[in-house]
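Here is the structure we will look at, set down as structure tokens.
Proteins come first, then strands; the chains are lettered A, B, ... in the order of their sequence lines, and each starts at number 1.
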Amino acid sequence: MAVGKEIRKQIKSIQNTQKITRAMEMVAASKMRRAQERMQAARPYAHKIRQVINHLHYARPEYKHPFVLEREAKRVGFIIVTSDRGLCGGLNTNLLRATLIEMKSWHDKQAEIDVCTIGSKGFAFCKRLGANIVSHVAHLGDAPRIEDLIGTVKIMLDAYSDGKLDRLYLIYNRFVNTMSQQQMVEQLLPLPAAAEDKAKLEHHWDYIYEPDARAVLNDLLTRYIESLVYHGVSENLASEQSARMVAMKSASDNAGTLIDELKLKYNKARQAAITQEISEIVGGAAAV
Amino acid sequence: MAMTIHVDIVSAEKEIYSGLAEMVFAPLVTGEVGILPRHAPLLARMKPGEVRVRTPSEELSFYVSGGMLEVQPHVVTVLADTALRAKDIDEAAALKAKERAEEAMKNRQSDIDYAKAQAELAEAIAQLRAIQKLRDRTRK
């Protein structure tokens, strides 16, 4: 029967789309789980380093590393972490909007802006925006390694040490839970002062440094910043996967409702055709 | 029972080892050290090499490509680097990242047009909202 051939075709094509979105949803779900694990695995390191740095602040209050000194903000650096691929709902758009608001507020204060992008989406956006991109890395894959980030972060840290930057911010999506991600604008440099903890000062002790305190502190702070950026990247990855999962789930649901509607339409058309045929036959028989 | 010291070996990407040990050996830039329980607090830079952990039953060994060693009387923390770190290697990586950025910056606009960018983003968000609304409507 030739009735509703177009509708059938349409249903078929939507079903194919639905298959794809459903597969993507499942892939994203499993990737999200792994990304979450990776996020958790990175925690002890950042925690330990933070502890050591805090202690150094107490043990050596006289030595101030440039990373802790407040300066007047004439030039601000942003490290923007986005995903490489789309199809993840409003994740990147929302993040870039938050970025833009932040950048604008610095712009209004007459501060210059340098940008470092991690991920293609942020890069494309900043390029279109005409921002001054000083370093860039993308395609980190599903298991980002810290060595991929070292170079990118180093440019920003060096610029800060040389006095070319007075503030450094990290912008990424924080993974709250599967359904929600939060845009974060975190100040990396100067390091926010450690929470006052006077109890620690009561029994004063200090490390033996090898080779010397200054070099060790420098190494530690660099690694600390790197680990924060790495953490941002892994949070963003988990956010990306969960956002994609949700987006793909609703796409599959939408396809489902569309198919239902089209099926109804198809059946109606089919029945109408049958009724018409019967009435034609009856009409023909009556005429004879 | 012999005295033991708690050892944590962590890298930025994962926890590598956590447990008790009788003695820990680490390759510092100034030479290898052996840490026994109740060692004085020490903070040191490591060079690439082997961290050995002697537990009551066996001796474990982990390769680290440098990092930091923190010692407190009852805890040893090895903050291992996963990547080989040297000044020139870092420098090369930085240069690469910069090149990538410069490459793409060749044909950029002169100034940031905030208004335009904001409008574009607002449009994208409006589209997303519209889709959401459409979906809500079909559900009802």
Side-chain angles (χ1 to χ4, degrees), chain A residues 38 41-42 44-46 48-49 51-52 56 89-90 93-94 96-97 100 103-104 107 113 116-117 123 125 127-138 145-148 150-152 154-155 158 205-211 213 215-216 219-220 223 226-227 230 250 253-254 257-258 261, chain B residues 8 10-15 18 28-30 33 40-45 67-71 77 79-85 89-98 100-105 108-114 116-118 120-122 124-125 128-129 131-132 134-135 138-139:
Chain A
R38 208 165 292 120
Y45 184 84
K48 283 281 176 196
I49 282 205
Q51 266 180 354
V52 177
L56 276 175
T93 321
N94 284 330
L96 292 173
R97 190 163 65 147
L100 203 64
M103 277 162 100
K104 181 126 178 28
H107 184 75
I113 290 163
C116 159
T117 54
F123 179 71
F125 173 73
K127 195 177 154 195
R128 218 149 34 91
L129 188 67
N132 183 30
I133 305 170
V134 289
S135 69
H136 165 61
V137 66
R145 288 170 314 158
I146 206 155
E147 55 217 87
D148 298 327
I150 290 172
T152 340
K154 186 178 161 61
I155 289 180
D158 282 353
W205 54 277
D206 201 358
Y207 291 110
I208 305 167
Y209 297 95
E210 198 76 50
V216 167
D219 272 17
L220 267 178
R223 280 173 177 71
E226 279 165 10
S227 84
Y230 176 77
S250 59
D253 291 352
N254 286 348
T257 38
L258 263 182
E261 276 168 23
Chain B
D8 285 314
V10 290
S11 79
E13 286 159 27
K14 60 174 187 277
E15 190 165 56
S18 176
L28 300 189
V29 278
T30 43
V33 289
L42 168 75
L43 191 57
R45 200 192 276 171
M68 312 294 287
L69 174 76
E70 190 220 5
V71 179
T77 311
L79 301 166
D81 286 343
T82 42
L84 210 55
R85 302 294 293 262
I89 295 178
D90 285 10
E91 211 79 64
L95 220 63
K96 237 182 178 169
K98 203 168 161 183
R100 271 196 301 266
E102 273 166 3
E103 181 72 25
M105 288 284 291
R108 77 168 183 133
Q109 299 155 2
S110 55
D111 216 6
I112 301 180
D113 191 346
Y114 285 100
K116 194 175 150 215
Q118 212 139 27
E120 275 174 19
L121 279 179
I125 287 167
L128 281 168
R129 286 235 180 85
I131 291 168
Q132 184 79 40
L134 215 65
R135 187 155 70 226
T138 53
R139 285 248 172 89

Backbone N or O of B:Leu42 within a donor-acceptor pair of the A:Glu210 side chain at under 3.5 Å?
no
Considering only heavy atoms, which portion of [X] lies under 4.5 Å from any heavy atom of chain B: side chain, backbone, both, or neither?
X	answer
A:Asp148	neither
A:Ala215	both
A:Tyr230	side chain

Against chain A, label [X] side chain, backbone, both or neither, depending on which of its atoms sit under 4.5 Å from a heavy atom there.
X	answer
B:Lys14	both
B:Ser11	backbone
B:Val71	backbone

Working to the nearest 0.5 Å, report the span between CD1 of A:Ile150 and CG of B:Asp81.
7.0 Å
A:Val52 side chain near B:Thr77 side chain, heavy-atom distance below 4.5 Å:
no
Any side-chain heavy atom of A:Arg223 sitting closer than 4.5 Å to one from B:Leu79?
no
Using the rule side chain to side chain contact (heavy atoms under 4.5 Å, CB included), only one of B:Glu70, B:Met68, B:Arg45 pairs with A:Leu220; which is it?
B:Met68
What are the two closest heavy atoms between A:Ile146 and B:Glu13, and how far apart are they?
N-OE2, 2.7 Å
For B:Ala12 against A:Ala42, the heavy-atom pair lying closest together
O-CB, 3.3 Å
